[in-house]
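What follows is a set of notes on a single structure, which appears directly below.
Residues: numbered from 1 along the sequence shown.
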Amino acid sequence: MKNINITRKITQGMYVLTTKGGGCIVDAVSQISSGNSPLISVSVMKNNNTNKLLRENDKFALSVLSKEVNPEIIKTFGFNSSRDINKFEKIETTQIEEIEIIKNSLGYMVCEIVDSVENDTHTLFIGRIIEADVFEEKEAMSYQYYQEHKEELLKVTTEKGKTAWICSICGYIYYGEELPEDFKCPLCGVGRELFEKLKEK
């Protein structure tokens, strides 16, 4: 029997990916070369508006999130689309290489896009670091930590008396006794198998 929750054991961090016009929360980030200007890869869902923005721009930035990050940053960049809101309006940023950097982060990497690889659901963007710095020496938030503390971090609340299901990837909440067979998360696109039933509090 498949249990793809094992992927949560892959060691990954939590980042805000930004480019001109918007950004999103990402976790699939890797360093794929070394040297003075190493290559960094980041995977972005095709149905995410940030994917479209990256195709229109030549640079992106990754702001590294700590365990003490302001939860509003995760809510803003993780649960909204830049098609609908200006994600930078209420989040404090600084501009480096014409890209917005999250101030409440451990530091950043600005990358010039040098290549991309397509698969069925995601695009792997590869960038060469052209600017980077460390703001604070604190413990970075891992994807596993986020999953284990998601409800606390995001202060998930549900409507009393209603059955709720939460997306284990992005935190979207669906109300209903059961999830439809063909249900997909409207925010991140994953299927019903990645939703968990919330206990009423």
Side-chain angles (χ1 to χ4, degrees), residues 7 12-29 40-65 69-95 98-105 108-111 113 116-125 127 141 143 146-147 150-151 153-159 164-176 179-180 182-196 198:
T7 58
Q12 297 175 149
M14 295 288 288
Y15 311 83
V16 176
L17 167 66
T18 50
T19 189
K20 289 180 182 177
C24 64
I25 296 288
V26 293
D27 58 84
V29 174
I40 303 293
S41 70
V42 57
S43 182
V44 183
M45 290 188 68
K46 287 185 175 180
N47 66 355
N48 192 315
N49 191 53
T50 304
N51 189 302
K52 174 179 177 291
L53 294 173
L54 286 168
R55 296 171 189 277
E56 297 170 353
N57 291 291
D58 60 356
K59 285 180 285 192
F60 65 84
L62 292 162
S63 298
V64 184
L65 302 184
V69 68
N70 180 351
E72 288 304 315
I73 291 173
I74 297 176
K75 291 178 183 178
T76 299
F77 286 90
F79 297 170
N80 297 281
S81 172
S82 47
R83 296 183 187 95
D84 305 320
I85 69 166
N86 176 2
K87 294 186 179 184
F88 303 118
E89 187 174 15
K90 297 180 180 179
I91 302 297
E92 193 173 7
T93 63
T94 185
Q95 197 172 87
E98 301 182 322
I99 306 293
E100 301 296 336
I101 306 296
I102 306 300
K103 280 192 173 182
N104 182 212
S105 67
Y108 67 89
M109 296 163 271
V110 178
C111 300
I113 298 172
S116 63
V117 180
E118 302 292 338
N119 66 32
D120 290 345
T121 59
H122 289 67
T123 305
L124 188 70
F125 292 95
M141 182 187 294
Y143 178 70
Y146 169 74
Q147 289 295 340
K150 183 165 49 189
E151 291 188 39
L153 281 167
L154 304 178
K155 296 181 174 61
V156 173
T157 57
T158 60
E159 297 176 28
W165 302 79
I166 184 169
C167 176
S168 63
I169 302 301
C170 73
Y172 174 80
I173 295 176
Y174 172 86
Y175 289 101
L179 288 164
D182 60 349
F183 186 79
K184 290 189 181 297
C185 178
L187 286 183
C188 70
V190 299
R192 68 194 298 272
E193 69 276 4
L194 290 179
F195 275 72
E196 301 167 356
L198 277 175

Interatomic spacing from NZ in K90 to OG1 in T76 - rounded to 0.5 Å
8.5 Å
side-chain contact (heavy atoms from CB on, under 4.5 Å) with D182: which residues, sequence neighbours excluded?
P180
Report the C-alpha distance between D58 and I113 in whole Å, list the side-chain angles of each, state the deciding distance to 0.1 Å, and finish with yes or no for side chain to side chain contact (heavy atoms under 4.5 Å, CB included).
CA-CA 5 Å; D58 60 356; I113 298 172; 5.5 Å; no
Look only at the side chain of N119 and the backbone of H122, and say whether a donor-acceptor pair between them is shorter than 3.5 Å.
yes
Can you tell me how far apart OH (Y108) and CD1 (I99) are? Round to the nearest 0.5 Å.
12.0 Å
Student check: side-chain heavy atoms of L62 and V26 closer than 4.5 Å:
yes
Which heavy atom in K103 sits nearest to a heavy atom in T94, and how many Å separate them?
CE-CB, 3.8 Å
Of all the heavy-atom pairs spanning T19 and K59, show the shortest one and how long it is.
OG1-O, 2.8 Å
Within-4.5 Å side-chain heavy-atom neighbours: S82 and L53:
yes
Could you grab the distance from atom CD of E100 to atom NZ of K20, nearest 0.5 Å is fine?
11.0 Å
How far apart are the C-alpha atoms of L54 and T123, what are their side-chain angles, what is the distance that settles it, and do they pass the side chain to side chain contact (heavy atoms under 4.5 Å, CB included) test?
CA-CA 10 Å; L54 286 168; T123 305; over 6 Å; no
Within a strict 4.5 Å, meaning less than it, do heavy atoms of the L65 and Y146 side chains meet?
no
Return yes if some donor-acceptor pair links the side-chain N/O of N86 with the main-chain N/O of F88 below 3.5 Å, else return no.
yes
Would you say the ring centroid of Y15 lies under 6.0 angstrom from that of Y143?
no
Exercise: identify the closest heavy-atom pair between F125 and S116:
CD2-CB, 4.1 Å
Supply the atom-to-atom distance N70 CG to N104 CG, rounded to the nearest 0.5 angstrom.
5.5 Å
For the pair F183 and Y174, name the ring-plane relationship: parallel under 30°, tilted 30 to 60°, perpendicular over 60°.
tilted
How many angstroms lie between CG in L179 and NZ in K184, if you round to the nearest 0.5 Å?
12.5 Å
Step-by-step side chain to side chain contact (heavy atoms under 4.5 Å, CB included) determination, L124 to S43:
CA-CA 4 Å; L124 188 70; S43 182; 4.1 Å; yes
Would a distance-only check, ignoring hydrogens and angles, find a side-chain to backbone donor-acceptor pair under 3.5 Å from S63 to I102?
yes
Trace of the side chain to side chain contact (heavy atoms under 4.5 Å, CB included) decision for I101 with V110
CA-CA 9 Å; I101 306 296; V110 178; 4.0 Å; yes
K87 (side chain) donor-acceptor with N80 (main chain) under 3.5 angstrom
yes
So, taking the atom named OG1 in T50 and the one named CZ in F60, what distance separates them when rounded to the nearest 0.5 Å?
12.0 Å
Is a salt bridge present between K46 and E118, judged by a nitrogen-to-oxygen distance below 4.0 Å?
yes
Do the non-hydrogen side-chain atoms of V16 and I25 ever get within less than 4.5 Å of each other?
yes
